[in-house]
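This report refers to the structure that appears directly beneath it.
Each chain gets a letter, A, B and so on, in the order its sequence line appears, and its residues count up from 1.
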2 protein chains.
Amino acid sequence: MDDLSKRQKQILQAIIEDYISSAMPVGSRTISKSFALSSATIRNEMSDLEDLGYLEQPHTSAGRIPSEKAYRFYVDNLMKLSTLTAPELNYIRSYYDKRICQTGEVLSDAARVISDLTEYVSVVTPPKVSSVLVTSIQLMPINPSTAMVVLVTDTGMMQSTPIVLPRNVSPDELESMSRLLNKMFAGRSVTEIHPQAQYAVESEIADQKQIFDTICSVLASRLENQKGKVLIQGASKMLAHQEFTDVNKARSFLQLLEENSRISEIVSAESDEISVRIGQETGLGDVSIVTATYSAGGKDLGKIGVIGPTRMQYDKVLSVLDQVGKTLSEIFAENVKTEDDTVEEE
Amino acid sequence: MDDLSKRQKQILQAIIEDYISSAMPVGSRTISKSFALSSATIRNEMSDLEDLGYLEQPHTSAGRIPSEKAYRFYVDNLMKLSTLTAPELNYIRSYYDKRICQTGEVLSDAARVISDLTEYVSVVTPPKVSSVLVTSIQLMPINPSTAMVVLVTDTGMMQSTPIVLPRNVSPDELESMSRLLNKMFAGRSVTEIHPQAQYAVESEIADQKQIFDTICSVLASRLENQKGKVLIQGASKMLAHQEFTDVNKARSFLQLLEENSRISEIVSAESDEISVRIGQETGLGDVSIVTATYSAGGKDLGKIGVIGPTRMQYDKVLSVLDQVGKTLSEIFAENVKTEDDTVEEE
DNA sequence: GTTAGCACTCAACGAGTGCGAGTGCTAACA
DNA sequence: TGTTAGCACTCGCACTCGTTGAGTGCTAAC
């Protein structure tokens, strides 16, 4: 079914690339100029490609536009990865060089960079909880009945949460509980912190059990909450593309973007290092989603991605995501190794 | 200039309210139905109102639409505050009852509530730094050369930042520095933390001065960063309104919303408890901005607001903001008094 | 297999038209 | 003096209809 002749492939590629840049149905004459063939010949080929499901005609006397199948074929077989220009690379590096320390800021910078370079909507998920290890847990007295729990992880990610304790607790007692918590969780996955955990606390000080439970359940729910978080940038860019001239389409797309947890789920769903989902494959209708992974110490941390029209500059997007992903990975790798964070004035 | 007759006021009010709900230029016949007057009489009055600058005509044979001056007059003199319905009040209370502990979540909930109830874009600024007092500053060792600084404030707001120390520092030393930091800053405004501070540290341990400087400058830059932050919800809602059917208008508006720091500035600019800025007054062109203040312990903390078309349901928006503002104030007041944060499962 | 030629299709554009909501003005009325 | 009825006028909007042009499919010839 998929044994296209070499010429068919070339023609298909030419059509797709023309359509991606022009957003107009492409006709046989346009293509014939790049080939030493007449428009009639191209027409015949196009007709065949249409029969095979690679092309579609909006109406009889318009040119052809690529189908989702065509994009799929293009991404898998035809496309060459574009290399980023020097200014683009510099742009990416420039924010890397800042060495901002907070996970949140690194990621929101990444989101901005991606959307700036690609002109599409960017999506960045924070490091996923399941792959993160506890470095330490600290309890800090705030007042007799309230403490702050600070959870530090090996990725430099932090959670700090105030917790109301079931009874007044002295700083010393907190201190000893801190130690206990660290003994229990340091070096382990944060997912091991869950509310119903029947830790071997009883043996130590039975009275503290309830406090432990409170702390764990609060931490767990905080981490749970964290899951649906996602950074989105460049929504306005979307409206610049042809396919969103219809206000209603634009609106429903924006609405979708506001459902952060759904986006997060969809983006995180893919486990491949780098993935392209086109049209129906996304479960979102007429958009494409390209995602890449950033990682540290061999563990995948989170996803960066782009949402755009199916008529997307896949080559460009892929290389931007690849580059930004690598950069992020470097940053996090450094964190993991040395916690070597510095802050520069802006 | 502004001595409108009672009847003129009534007519103006009727026109404004009709236009707010219909978005269509309103004609004399429509209005005459609500008054025991003929359309011709209304026309005469309308003509006068137009001369006075309260009404505008898109073109000769269309009805009239209110000018910005008219909205101003409406808000200042004609409008009655609408009372929220029971379900609306419950909706606001329901999220209050959750008693979520983190400042960030309380605020983003507020933003969501406002935009849900008003159908406009909501804006919430976090408690402004200048009015916040340091409760405590804690240094936590992470590894020999890195520490985590946790800043707790009286509003329950927290900042935690990793800091790379200029040299290795033992936990004990950190501990003593913690104490010193608290001695210096506890109970004072966070704005007193600034990088060039020549604190009376020399006397204590000259060697630690550099570390202090590092910590202060990092904290200061974090807080500085915080300034431009702002939570925005419901951008997609905007596209539902008539005035944004033009994609380009919609896009430039969305672009504006993405410039968080600018929005933050504009929203924070107003010092009044509650304020309505209409059209040109906003400096943003054809939109209106309504803001209210939330506060605790007599101090204004931050702003909540709504951005919408000048044709906005001012009465509804004002009462929603008023209510949400009060609710937020209660939540923060509680924080200030007792740090009484509880976390419930969702 | 390729190409020239030709009839055909159909969206897009623009001019022309009728409609209707709404106005301003005038003259008459209370 | 304020109100009203009547009427001519304006002008956006929706609709129709012919024209245009890009593009197709098909056929016959090379």
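Put simply, chain A comes within 4.0 Å of DNA chain C, heavy atom to any atom, from C/dT2 to C/dA11, going 5' to 3'.
Of the side-chain N and O atoms in B/Arg7, one or more sit less than 4.0 angstrom from OP1 or OP2 of D/dT3.
Qualifying salt bridge (Lys or Arg N to Asp or Glu O under 4.0 Å) partners for B/Arg311, counting only residues two or more places apart in sequence or in other chains: B/Glu243.
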| Nucleotide pairing, DNA chain D (Watson-Crick or G-U, distances under 3.5 Å), in dot-bracket with [ ] and | | ||||||||||||||||||||||||||||||
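A/Arg43 places its CZ atom 14 Å from the P atom of D/dA22, with the value rounded to the nearest Å. The CZ-C1' distance, from B/Phe35 to D/dT3, rounds to 15 Å in whole Å. For the pair B/Ile42 CD1 and D/dT4 C1', the interatomic distance rounds to 12 Å; values are reported in whole Å.
Ring geometry for A/Tyr314 versus A/Tyr71: interplanar angle of 30 to 60°, hence tilted.
Closest approach of B/Val121 and B/Phe253 over heavy atoms only: CG2-CE2, 4.1 Å. Scanning all heavy atoms of the two residues, the minimum distance from B/Met312 to B/Ile307 falls at CE-C, 4.0 Å. When all heavy atoms of B/Leu78 and B/Gln13 are compared, the closest pair comes out as O-NE2, 3.6 Å.
Figure legend: cation-pi geometry between A/Lys249 and A/Phe244 absent, as NZ or CZ is not positioned both under 6.0 Å from the six-membered ring centre and within 45° of its axis.
In this structure, the side chain of B/Thr125 engages the main chain of B/Lys303 through a donor-acceptor pair within 3.5 Å.
Using a 4.0 Å heavy-atom cutoff across all strands shown, A/Ser39 reaches no nucleic acid atom at all. When heavy atoms are screened at a 4.0 angstrom cut-off, B/Thr60 is found touching the sugar-phosphate backbone but no base atom.
Toward the 5′ end of DNA chain D lies the nearest nucleotide of B/Ser38, the other residue of the pair A/Met46 and B/Ser38 mapping further downstream. Comparing B/His59 and B/Leu37 along DNA chain D, the residue whose closest nucleotide (by nearest heavy atom) sits nearer the 5' end is B/Leu37.
Within a 6.0 Å sphere centred on CD of B/Glu265, other residues, nucleotides and ligands contribute 12 heavy atoms or fewer. Under a cut-off of 6.0 angstrom, the local environment of CZ in B/Arg112 is sparse, with at most 12 non-hydrogen atoms contributed by other residues, nucleotides or ligands.
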